[in-house]
Amino acid sequence: MIGMDWKKKVATTLALTSALLLGACAGGTEEATDSSATSSTASADAVHIGILQILEHESLSAARTGFLEVLEEAGYVEGDNLIVDYQNAQGDQANLQSMAERLAGNNDLILSISTPASQAVANAEKENPVLFTAVTDPIDAGLVASAEEPGANITGTSDQSPMDKQIELLLSIVPGAETVGIIFNSSEMNSIVQSDQAQALLEAAGVNVEIMTVTSTNDVQQVMESLVQKVDAIYIPTDNTLSSTMATVGQIAMEAKIPVIPGATEMVEAGGLATYGIDFKELGRQTGEMALQILEEGKLPSELPVQFPETLQLVINEEMAEALGIDPASIKLPE
C-alpha cells in the first residue's frame, strides 16, 4: 500500500490478471491508456506496482507480460496482495510526463518500459525503487551512473542487441549488397545510438549506408516507400515507432523485394525477414526477478547492476522469405 515499507517481504499466492494489449500504435492520434487496477478486496498491506509504457507494440508488451508472470509465480495476487497501476502513453511525450508524475510517490515499485518512459519516471520518482526494461543504453540516457553501480533508486535491464551478429546476418543474406538502408525515429535516443553503431559496422564492411528518419508513425509509409528504391537491404534498430508499424514496413518491403533485418525478434514476426535477437518476454522476466530481490530481499536498486539479455535466438519469417524468393533454410548465423 502507499507509504508501506517496500522492503517488507510479501508471501501469498498471486494470479496474473493484467491483460496483454497487442496491436500497432496509430501514433499520437490515440488516447492514452489508463488501466490502473483497484480492488476493494485488496489487503491493507498489498504491494503497489506502477507500470509506465511508452506505447503499445509486441516487444514492449511482451516485456510487461514477462515481468508480471514472475510476480505471479512468486505468489502475488492482483486484487489481493498486489495492485497494478498500468499507464500507456500511446507515444505522447506529454502523456509520459503526467503519467510518471501520477505514479511517483504512489507505488512501492515502478516498472518503466522503454527509454522515454524510463527518463520520465526517473525525473518524477526520486525515492521509491524504479526498474526499467527495454532501454538500450541506460548510461547515455542518464538513468544510471554505470551498469555495475547504478548509483540511485533506479536500475533494470537493457535490450542491447548483438548488432554485430545482426549485421553479419544481413550481409550473409544479401552478400552482394552495395547499399543498406537504416530507418528509425530521430527523436528516440536509443535508436540514434543503434543507428550510429549499425552505420559504423556496415561501413567497416565496405557497404554504403542510406539513412532515413521518421518523426511519427504517420511518416513510416512514405519514408519506407522512398528508402526501398535506394537500397539492397534495410536494417531497423529496436525503435519503438518502427516496431509499432512493422506490418506496414513488411508490406512495402515485400512488394519491393527488399529484405528487412530488424533489431528485435517480435519485429520479425510482425513484418521483418530475420534477426538474431533478444526475447523481450524473457527480458521482462529478468526484470521481474530483480523486482523480487527488491520486494522480498530488501535490496536497493543501487545494489543491483544493470542486466543484459540472457536469451538470444535466430528468428526467421518463413512467409516473408518465400515472398522474397529466399529459401528459409538458407538463413543461418555466420560462423
Side-chain angles (χ1 to χ4, degrees), residues 4-10 14 16 18 37 47-54 59-74 76 78 82-89 96 99-100 102-139 141-160 190 278-310:
M4 73 172 284
D5 181 359
W6 52 265
K7 294 184 180 181
K8 177 178 179 181
K9 183 172 182 178
V10 179
L14 173 80
L16 175 64
S18 292
V47 171
H48 286 241
I49 301 288
I51 301 178
L52 179 58
Q53 187 167 319
I54 175 66
S59 297
L60 301 186
S61 296
R64 185 178 81 246
T65 297
F67 176 86
L68 291 171
E69 278 187 356
V70 169
L71 295 184
E72 174 188 16
E73 293 163 5
Y76 296 92
E78 190 171 353
L82 176 72
I83 302 297
V84 176
D85 187 349
Y86 170 57
Q87 303 290 314
N88 189 316
L96 275 183
M99 288 177 170
R102 167 198 170 118
L103 296 176
N106 293 319
N107 290 280
D108 303 297
L109 184 147
I110 298 176
L111 172 69
S112 57
I113 309 176
S114 79
T115 299
S118 299
Q119 290 173 320
V121 171
N123 288 333
E125 178 60 84
K126 300 296 185 181
E127 296 182 5
N128 292 325
V130 176
L131 288 174
F132 57 75
T133 191
V135 172
T136 302
D137 192 333
I139 299 173
L143 299 174
V144 297
S146 72
E148 296 77 16
E149 298 182 359
N153 66 317
I154 181 169
T155 187
T157 57
S158 167
D159 65 354
Q160 194 171 101
N190 60 304
I278 71 174
D279 183 324
F280 272 85
K281 184 176 179 181
E282 289 302 316
L283 189 70
R285 289 185 62 85
Q286 281 183 241
T287 319
E289 294 293 344
M290 297 177 76
L292 294 181
Q293 289 183 276
I294 292 171
L295 295 171
E296 299 194 343
E297 300 176 21
K299 295 286 188 180
L300 296 170
S302 59
E303 299 173 325
L304 301 176
V306 173
Q307 294 187 19
F308 294 86
E310 296 176 350

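Count residues from 1 along the sequence. Hydrogens, waters and symmetry mates play no part in the numbers below; they use all other heavy atoms, side chains included. Because the structure is predicted, anything quoted here is derived from the model rather than measured.
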Quickly, which of Thr155, Val144, Thr115 forms a side-chain contact (heavy atoms from CB on, under 4.5 Å) with Pro138? Name it, please.
Val144
Quick one: which of Leu52, Leu111, Val130 gives a side-chain contact (heavy atoms from CB on, under 4.5 Å) with Leu103?
Leu52
Pairwise distance [atom1]([X]) to [atom2]([Y]) - rounded to 0.5 angstrom:
X	Y	atom1	atom2	answer
Glu282	Glu310	CD	CD	9.0 Å
Ser158	Ile278	OG	CD1	7.5 Å
Arg102	Met99	CZ	CE	8.0 Å
Leu131	Ile154	CG	CD1	8.0 Å
Gln53	Ser114	CD	OG	7.5 Å
Gln307	Leu283	CD	CG	9.0 Å

Do Leu96 and Ile54 pass the side-chain contact (heavy atoms from CB on, under 4.5 Å) test, and can you show the C-alpha distance, the side-chain angles, and the key distance before you say yes or no?
CA-CA 7 Å; Leu96 275 183; Ile54 175 66; 3.4 Å; yes
Closest non-hydrogen atom pair, [X] against [Y]:
X	Y	value
Ser118	Ser112	OG-OG, 2.7 Å
Pro309	Gln160	CG-O, 3.7 Å
Gly288	Val70	C-CG1, 3.6 Å

Do [X] side-chain atoms and [Y] backbone N/O form a donor-acceptor pair below 3.5 Å?
X	Y	result
Gln286	Phe308	yes
Asp108	His48	yes
Asn153	Glu125	yes

Is any side-chain heavy atom of [X] less than 4.5 Å from a side-chain heavy atom of [Y]?
X	Y	value
Leu143	Val306	no
Leu304	Pro150	no
Ile113	Ile51	yes
Glu297	Glu303	no
Phe67	Thr133	no

With side-chain contact (heavy atoms from CB on, under 4.5 Å) as the criterion, how do Leu71 and Val47 come out once you've worked through the C-alpha distance, each side chain's angles and the decisive distance to 0.1 Å?
CA-CA 11 Å; Leu71 295 184; Val47 171; over 6 Å; no
